[in-house]
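Have a look at the structure below before the remarks.
Residue indices begin at 1 and follow the sequence shown.
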Amino acid sequence: MKYCRGIFALALLFWCQCWACLQAQRVDKYWVRLRDKQGCGYTLDNPSAFLSQRALERRMNQGISVDSLDLPVSEVYVRTLQEAGLMVQNKSKWLNGVAVFVPEGTDVSFLDTLDFVVSAQLLETSPLEMPYMGGELPVWSPVRPVTCDEPYSRAYYGRAYDQIEQLNGVGLHRAGYEGQGVIIGVCDGGFPGVDTMALLDTLRAEGRIMATRDFVWNGDSVYTVHQHGTSVLSLMAGYRPGLFVGTAPRASYVLCRTENTMIETLMEEYNWVAAAEYLDSLGADMITSSLGYFYFDNSGHDHSLADLDGRTAPMSIAADIAVTRGMLVLNAAGNDGMSLPQHLGVAADAEKVLTVGAATHEGQWAMFSSYGPTADDRVKPDVLALGENVPCANSNGTLGVASGTSLATPIMAGMMACLWQRFPEWTPAQLCDSVRAWGHLASSPEMTAGYGIPDFGRALPEEPAVGIEEPMAGISLYPNPAHEYFVIAGTTEGRLTIYDVMGRVMRAADCCGRVSTQGLPAGVYFVRITSAKGCAMRRLVVE
């Protein structure tokens, strides 16, 4: 023990010396608002020069035109700032400004003489960042996946069962909607362990981490600093049947670090804005944000209750703009339900954002979960998901439990991804309207709980709607899942009808042994066979 104490003392001395050194290397961060976009180098006639094909397709599918907000900031203005000795960290085309670094004490009054600068606001004075030294989530005893012969059962979901069952989301998964083809942007404080943990092996092996980006210190590595983002991602992307299966285990993800976990400053809102624009340009479908801002280290930057109108805070303005670009945005309500004054966190106040509060395991509003109304008297949160004692991953790959609307939000985001896969023609507004209508408090929304806990089972019809209860023994389909064809075993007489999960007739023909699946999109179908012997309904998966 004496040796260990000596090593600890040396380590502590070294850390303190490093911290003192870093404290001396401080930097000021300014938000510089620009007048216009002259000299940006792009035109609306050629949007593919600054937006990906997927981003353009998202707009086209929703009837959204490319406009001046989509044009990048002026590179002429950016170069002028750089030549003056400022380092540009992030740019925002939506808010038409740039975040710049300058050494502490540098005279920036020259900015007032530049005709293209509208204003310059000091956002943050901070040391170079130190790695996060905080603790892990509480760790359960080591657990191993159990044998699971029945997909989509309680045993299959393991520790994650309660959070998806509360939303009645198992049916969507069983019907083949697990987020395939949907890209979710995750904005958080870091993702340590995501590149190594077994819970996310499938995510990595299938190449569904599409990109990573650090908007705090500019770079591509996000696998350090703070495990909050790791826990958030695990709730959607985790996949170890028998142990833990998330709400969107087949979706794809872009991981963005926007939160500086060492300090709380207005700069972080602008980091988030830059990340949202980056996700838009890549063609991401969704943003889930388990972040919220109200008080800052510099109290002069604090938001007021009057600011929570969705049109004042930079992050709230950008969140609504993201929705007008065709993206679905979810944000945590905040954990200040018992604080005075009680308040939401930015950007939970944004009008077009789906704001998520926390529910208990019993389906009640969790008392710590923030609530509105907003400054302009809108109901927030919109919906609830499990946010109390939620199983999620630690950065070391173990499972722990934690509470907060920051956990409820990704649970809901994963289910929204599955819903959008189910209804790809819907807009973000239609998705949000539907889940509000499916909430258990939809007929009388409450100030604390909004429209309540949505029932995602409403996205699928009951199987008996197309006659699945009609009996006829000895009929089977194989191979199932089918690729190019399936075979009806047990009869070659009568008539077959293929329905989709909404009960629409996709094909009708005389029965034969071998049936082609050509022309049937991948998904779940019901095959009804009728003959003189009776009727039968069998479930078919087409891959």
Side-chain angles (χ1 to χ4, degrees), residues 40-73 90-95 177-188 191 203-204 206-215 220 222 229 233 236-237 248-258 271-289 318-331 352-354 410 413-414 416-432 521-522:
C40 74
Y42 299 94
T43 67
L44 295 178
D45 295 332
N46 186 24
S48 60
F50 50 88
L51 290 171
S52 69
Q53 184 60 36
R54 201 175 193 280
L56 293 172
E57 289 173 356
R58 188 185 65 230
R59 285 164 168 75
M60 182 178 64
N61 292 339
Q62 298 184 40
I64 298 170
S65 300
V66 177
D67 59 30
S68 60
L69 286 180
D70 294 309
L71 289 172
V73 299
N90 291 320
K91 309 170 189 177
S92 172
K93 58 186 178 182
W94 294 344
L95 304 185
Y177 303 105
E178 298 181 288
Q180 295 96 320
V182 179
I183 299 178
I184 304 174
V186 188
C187 295
D188 217 285
F191 303 87
L203 176 68
R204 296 191 305 273
E206 295 179 354
R208 288 188 284 107
I209 298 179
M210 308 300 290
T212 62
R213 183 78 176 271
D214 182 353
F215 289 88
D220 294 326
V222 297
L233 181 65
M236 298 177 285
R250 302 296 183 188
S252 299
Y253 297 88
V254 179
L255 310 182
C256 297
R257 180 175 176 241
T258 66
N271 293 343
W272 190 96
V273 174
E277 294 181 13
Y278 169 72
L279 292 166
D280 167 49
S281 67
L282 288 181
D285 302 294
M286 297 173 53
I287 299 174
T288 183
S289 175
D320 270 353
I321 292 174
V323 180
T324 68
R325 309 297 103 173
M327 303 174 75
L328 175 64
V329 181
L330 295 89
N331 206 94
K352 296 177 175 63
V353 164
L354 189 70
M416 294 300 288
C418 299
L419 182 63
W420 211 349
Q421 180 195 358
R422 170 71 181 87
F423 297 107
E425 72 279 8
W426 283 7
T427 65
Q430 290 173 310
L431 291 164
C432 293

Before you tell me yes or no, could you show the steps for Thr212 and Val254 under side-chain contact (heavy atoms from CB on, under 4.5 Å), namely the whole-Å CA-CA distance, both residues' side-chain angles and the distance that decides it to 0.1 Å? CA-CA 6 Å; Thr212 62; Val254 179; over 6 Å; no
Using atom types as modelled and distance alone, determine if a side-chain donor or acceptor of Asp285 lies under 3.5 Å from a backbone N or O of Ile183. yes
Restricting to ring pair (Phe, Tyr, Trp, His ring centres under 6.0 Å), what partner residues turn up for Tyr253, sequence neighbours left out? none
Is the shortest side-chain heavy-atom distance between Leu51 and Val66 below 4.5 Å? yes
Taking salt bridge (charged side-chain N to carboxylate O under 4.0 Å, His left out) as the definition, give me every residue that meets it alongside Arg208, ordered by chain and number, with sequence neighbours left out. Glu206
I'd like to know if the side chain of Ser52 reaches the main chain of Ser281, judged simply by a donor and an acceptor atom lying under 3.5 Å from each other, with no hydrogens or angles considered. yes
Results of salt bridge (charged side-chain N to carboxylate O under 4.0 Å, His left out) for Arg59 - residues two or more places apart only: Asp70, Asp280
Should Gln430 and Phe423 count as side-chain neighbours, where that means a heavy-atom distance under 4.5 Å? no
Using 4.0 Å as the upper bound for N to carboxylate O, is an ion pair formed by Arg257 and Asp220? no
Please determine whether side-chain contact (heavy atoms from CB on, under 4.5 Å) holds for the pair Leu255 and Met210, giving the CA-CA distance in whole Å, both sets of side-chain angles, and the decisive distance to 0.1 Å. CA-CA 8 Å; Leu255 310 182; Met210 308 300 290; over 6 Å; no
Would you check, one step at a time, whether the test side-chain contact (heavy atoms from CB on, under 4.5 Å) holds for Val222 with Arg213? CA-CA 6 Å; Val222 297; Arg213 183 78 176 271; 5.6 Å; no
So which atom in Arg325 and which in Arg58 form the shortest heavy-atom distance, rounded to 0.1 Å? O-NE, 3.2 Å
Any side-chain heavy atom of Lys352 sitting closer than 4.5 Å to one from Val329? no
Evaluate the side-chain proximity of Phe215 to Tyr278: yes if any heavy-atom separation is below 4.5 Å, no if none is. yes
Are Ser48 and Gln53 close enough that a side-chain donor and a side-chain acceptor fall under 3.5 Å? no
Exam field: side chain Gln180 to backbone Gln421, donor-acceptor pair closer than 3.5 Å: no
Scanning both residues in full, the closest heavy-atom pair of Pro428 with Gln62 reads CD-OE1, 3.1 Å
4.5 Å side-chain heavy-atom contact, Ile321 and Leu69: yes
Check step by step if side-chain contact (heavy atoms from CB on, under 4.5 Å) holds for Ile287 and Cys187. CA-CA 7 Å; Ile287 299 174; Cys187 295; 4.1 Å; yes
pair Lys93-Leu71: side-chain heavy atoms closer than 4.5 Å: no
